[in-house]
Amino acid sequence: MADAPSLITGETKAGDWRNYERVLLPPVKDLHKIDVYEENGGYSALKAIVEDGKFDPKGLTDEVKASGLRGRGGAGFATGLKWSFMPAVDPEKPRYLCCNGDESEPGTFKDRQIFEYNPHLMIEGIVLSCYAMTIKTCYLYIRGEYIDYVNHVQTAVDEAYASGYIGQKILGTDFSTEIVVHCGAGAYICGEETSLMESLEGERAYPRIKPPFPAQSGCWGMPTTINNVETLACVPLIVNRGAAWFAGIGPEKHPGPVLYGISGHVNKPGVYEFPTGMLITDLIEVAGGVRGGKNIKAIIPGGSSTPPLTWEMAREATMDAETLREAGSSMGTAGLCILDEDTDMVAFTRRIAHFYHHESCGQCTPCRDGTGWVEKLLSRIENGEGYTRDLELLLEICDQMEGRTVCALADAAAWPVRWGIRRFRDEFEARCKAESFVSSEMGDGASTETESITI
Amino acid sequence: MTQPFNGSLLRPDFVPGEPVERHFSDVELVWTDDEQKQIATFRSQYPTNDGAVMKVLWLAQNKFSWLPPEVVQFVADTIEVPYAKVYGVATFYTQYYKEKKGTYVLDVCTCFGCQVCGGYDILHYLEDKLGISKGETTADGLFTIQEVECLGACGSAPMLQVTNGPYVHNLTKEKVDALIDDLKEGKMPAFESVTLPQDETDLGGNRRSDTELVTEYQTPPVSETLH
Ligand SMILES: Cc1cc2nc3c(=O)[nH]c(=O)nc-3n(C[C@H](O)[C@H](O)[C@H](O)COP(=O)(O)O)c2cc1C
Ligand code: SF4
Ligand code: FES
């Protein structure tokens, strides 16, 4: 819509957030223990559904749809809608749920808090989701570096098995679901949904071409749904308190509680739970303001794949998908990184490029080679050896990476570079040598004799 | 002079048909009863044999400390899948060690969250302190330094991980010194629970009664290298 009113108003969309009561990580001591979780209403959503028949599977999916819950794993896809893509149950075909706890997006450290402090909420959410989609096996994929948390979650899963919340004939009913905890071994790409499935199958984790989408052909070629840890942890809350309650938190199109992981140059970094639609300035305020009272140069709103915003662009924006899109970035994983005025954006962008170069699985040429060239060019600019025309070359490489590969890693690698250069161009140019070279005479242009010839 | 065998699967001196130097004998390459039970559980968790490969590789690495070719072969035989497949998986992931590392592997995060909080300062400090560069192992075989990507602890940056195990958060040079001293005495750091800032008012800053070691997310030190 051409003349829709701007969403960047400088007003919060999180309502009365100062009196917000936390629900994903409520302030209860030892909530990770099953008895404490039960005392605080834990597993009541599961009981309400499997014992009292509060919702049938379709009803539960509709309730999640009505809640407006959107995925917290990065893409922000509507969860209820995703569930409804699962084909009708075919007794011949097993169906799978994958709970994505790979959490490797730089700047993101929120799922870890759920693993440590409220694992049973996630487990209850998994079992409820399995009920909604008539799934009998869930693979809970946790990154290998989180080995302490893998063991911690395994303890919680074992407790839940012992109490009859997972396993055969859950709570004495006909409904059965198993949860298998799977430990990764250090590969960012395994967070991509089809790569995660390859990893589970014991293959090298190369992402698959889509379509077919996981709902048609996922793990072992069977219908599969994949959701993030935090997404699934919202499900018991929706069952207990109703879709209307959930939809009423934060902005209409992207509601609910969110774990904001705030890092970088703030006085009190950490994970904060608030509604969606928080003003970025309010989040910085709760995170104690900027270290040393400095000015802010840039904000990464949701992990490394989300384009950096200048402070001008971010100061009136709120943390929800629509507003951030208008502001020129996206919500991603809600892992904010705050960068103060002293930050070297060239070094910063080069480090992001290094990350993607290291993590590219190598399947597609534009990604495998593109990420490498981007890193090389940025390193040379960082070292003061680059030329202004390298910036155009970088943008051209970005053009050739975006939308031309099997998975979105290549896009995620191109965006921070493209928008970093566009938005902080002065800083990049200041590091570049303006001189170019005359190709026929001067070879590779790197020699000092070329210094007097300008473009 | 040919290069000495460094144990890498991608050995530069590999000559097809020639015997490969082995690090573990057939006598060592056996599973205990307990491990066999675990393997049986792993195999029951996936619809195909291949599914168990990652878990059995982890089990093997924890037992043998790294994965030379004969261990990869051992894993392949255990779950009855081809060597090439297990090799493919082992080489895809960074946490599987394809060459011998030091007793303690120090994985220093320098990804951007840590970078802007002094991750490189910590890396360089460690390199100077131990007299090796990243990717190298000290002569006494005690320490290997590696530069790694985001470990999911950006709020407590800069940070590192010790040998695929515990995280050490909110690093300073003093903390690095203390860590190295402890490791030299064989003391691994204990699990450290990082508390939520919102719990400070509600729960006195700690929501777990079952952890010894608690730390807060802290304001990162001002980096020397980035500014
Ligand atoms: C390169 C890449 C890495 C990803 N890493 C993660 C991850 O670590 N955790 C996660 O939950 N989703 C990750 N995703 C998104 C998943 O593909 C998928 O969209 C998500 O798990 C779906 O869950 P949701 O609908 O609940 O958000 C990644 C996507 C890409 C393209
Ligand atoms: S885009 Fe990159 S990471 Fe994704 S499949 Fe292609 S090469 Fe692999
Ligand atoms: S950037 Fe170092 S832990 Fe995330």
Side-chain angles (χ1 to χ4, degrees), chain A residues 22 25 27-32 94 103-109 112-113 116-117 143-148 180 182-188 199-205 220 261-273 291 304 335 337 339 342-344 347-348 351-352 355 358-359, chain B residues 45-55 57-58 81 85 88-89 91-96 107 110-113 115-117 148-157 161 164-167 191 193-199 202-203 206-210 216-220 222 225-227:
Chain A
R22 292 183 284 157
L25 297 170
V28 178
K29 206 166 181 85
D30 289 330
L31 192 59
H32 61 285
E103 186 153 85
S104 312
E105 174 97 354
T108 310
F109 50 109
R112 208 185 79 213
Q113 321 288 324
E116 182 171 6
Y117 295 131
R143 67 180 297 185
E145 291 87 345
Y146 280 0
I147 185 66
D148 283 333
V180 176
H182 185 98
C183 176
Y188 165 67
S199 179
L200 283 175
E201 292 179 20
E203 307 285 334
R204 270 171 287 184
W220 293 281
I262 306 179
S263 61
H265 302 140
V266 289
N267 283 320
K268 283 190 112 0
V271 172
Y272 292 83
E273 181 185 334
R291 178 182 70 184
S304 59
C337 189
L339 305 174
D342 297 333
T343 312
D344 177 346
F348 183 81
R351 190 61 184 79
I352 295 187
F355 170 78
H358 184 259
E359 299 298 337
Chain B
Q45 289 174 329
Y46 302 88
T48 61
N49 284 351
D50 307 26
V53 63
M54 288 186 73
K55 284 188 177 167
L57 278 173
W58 268 123
V81 296
K85 191 149 196 184
V89 173
T91 48
F92 190 87
Y93 298 93
T94 51
Q95 283 191 293
Y96 293 133
D107 284 337
T110 61
C111 204
F112 71 73
Q115 176 197 27
V116 299
C117 299
V148 295
E149 303 301 332
C150 179
L151 292 172
C154 329
S156 42
Q161 178 172 31
N164 290 334
Y167 282 14
F191 172 77
S193 181
V194 190
T195 60
L196 298 169
Q198 280 169 307
D199 285 345
D202 293 331
L203 291 166
N206 180 17
R207 54 165 65 221
R208 285 183 67 175
S209 60
D210 55 356
E216 288 172 12
Y217 286 108
Q218 282 166 21
T219 312
V222 178
T225 43
L226 200 67
H227 291 165

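Source: prediction; values computed, not measured. So you know, we letter chains A, B, ... as the sequences are listed, proteins then strands, and number each from 1.
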**Q** Given heavy-atom pairs under 4.5 angstrom as the criterion, report whether the side chain, backbone, both or neither of L25(A) touches chain B.
**A** both
**Q** Return the CG to NZ distance between D210(B) and K29(A), rounded to the nearest 0.5 Å.
**A** 9.5 Å
**Q** Pick whichever of V81(B), V53(B), V89(B), L57(B) has the most heavy-atom pairs under 4.5 Å with chain A.
**A** V89(B)
**Q** Hey, could you give me the CD/CD distance between Q198(B) and E273(A), rounded to the nearest 0.5 Å?
**A** 7.0 Å
**Q** Taking side chain as everything from C-beta outward and backbone as N, CA, C, O, which of these in V266(A) sits under 4.5 Å from a heavy atom of chain B? Side chain, backbone, both or neither.
**A** backbone
**Q** Looking at residues at least two apart in the chain, or sitting in another chain, which of them share a side-chain hydrogen bond (donor to acceptor under 3.5 Å, both in side chains) with Q95(B)?
**A** N164(B)
**Q** Would you call the rings of W220(A) and Y46(B) parallel, tilted or perpendicular if under 30° counts as parallel and over 60° as perpendicular?
**A** tilted
**Q** G270(A), G107(A), C183(A), S263(A): which one forms the most heavy-atom pairs within less than 4.5 Å of chain B?
**A** G270(A)
**Q** Tell me, out of G184(A), A205(A), G264(A), who's got the most heavy-atom pairs with chain B below 4.5 Å.
**A** A205(A)
**Q** For a 4.5 angstrom cut-off between non-hydrogen side-chain atoms, does R351(A) reach T110(B)?
**A** yes
**Q** Any donor-acceptor pair under 3.5 Å linking the side chain of R291(A) with the backbone of T219(B)?
**A** no
**Q** List the atom of A187(A), the atom of F92(B), and the distance in Å for their closest heavy-atom pair.
**A** CB-CE2, 4.1 Å
**Q** Relative to chain B, which segment of Y146(A) carries a heavy atom at a distance below 4.5 Å: side chain, backbone, both, or neither?
**A** both
**Q** Suppose we screen for salt bridge (Lys or Arg N to Asp or Glu O under 4.0 Å). Which residues come up paired with R204(A), at least two apart in sequence or across chains?
**A** none
**Q** Stepwise, does the side-chain contact (heavy atoms from CB on, under 4.5 Å) test hold for E116(A) with R208(B)?
**A** CA-CA 9 Å; E116(A) 182 171 6; R208(B) 285 183 67 175; 2.8 Å; yes
**Q** Based on non-hydrogen pairs under 4.5 Å, which of G261(A), S199(A), C337(A) is most in contact with chain B?
**A** S199(A)
**Q** Can you tell me which portion of Q161(B) sits under 4.5 Å from chain A's heavy atoms? Options are side chain, backbone, both or neither.
**A** side chain
**Q** Are any side-chain N or O atoms of Y93(B) and backbone N or O atoms of G144(A), one a donor and one an acceptor, separated by less than 3.5 Å?
**A** no
**Q** Quick one: does any side-chain atom of Q115(B) pair with a main-chain N or O of A347(A) as donor and acceptor, under 3.5 Å?
**A** yes
**Q** Which value, rounded to the nearest 0.5 Å, describes the distance between L196(B) atom CG and Y272(A) atom OH?
**A** 9.5 Å
**Q** So does G152(B) get a backbone contact from the side chain of R112(A), meaning a donor-acceptor N/O pair under 3.5 Å?
**A** yes
**Q** Spell out, as yes or no, whether a donor-acceptor pair under 3.5 Å connects the side chain of H265(A) to the backbone of V116(B).
**A** yes
**Q** Is there side-chain contact between Y217(B) and V271(A), with heavy atoms separated by less than 4.5 Å?
**A** yes
**Q** With heavy-atom distances below 4.5 Å as the criterion, would you say the side chains of R207(B) and H32(A) are in contact?
**A** no
**Q** Measure distances from Q113(A) to the heavy atoms of chain B and classify the residue's part below 4.5 Å as side chain, backbone, both or neither.
**A** side chain
**Q** Is any side-chain heavy atom of T94(B) closer than 4.5 Å to a side-chain heavy atom of H358(A)?
**A** yes
**Q** Is there a side-chain contact between D50(B) and E203(A) in this structure, where contact means two heavy atoms from C-beta onward sitting under 4.5 Å apart?
**A** yes
**Q** Using every non-hydrogen atom in the two residues, find where S104(A) and C150(B) come nearest and quote the distance to one decimal.
**A** O-CB, 4.4 Å
**Q** Can you tell which of G88(B), G113(B), A157(B) has the highest number of heavy-atom pairs within less than 4.5 Å of chain A?
**A** G88(B)
**Q** With only heavy atoms counted, which part of E359(A) is less than 4.5 Å from chain B, the side chain, the backbone, both or neither?
**A** side chain
**Q** Name the option with the most non-hydrogen atom pairs under 4.5 Å to chain B; the candidates are P94(A), A185(A), P27(A).
**A** A185(A)
**Q** Are S193(B) and Y117(A) linked by a side-chain donor-acceptor pair shorter than 3.5 Å?
**A** yes
**Q** Who among V180(A), I147(A), D30(A) has the most heavy-atom pairs with chain B under 4.5 Å?
**A** D30(A)
**Q** Below 4.5 Å, heavy-atom pairs only: which of Y167(B), F191(B), F112(B) has the largest tally toward chain A?
**A** F112(B)
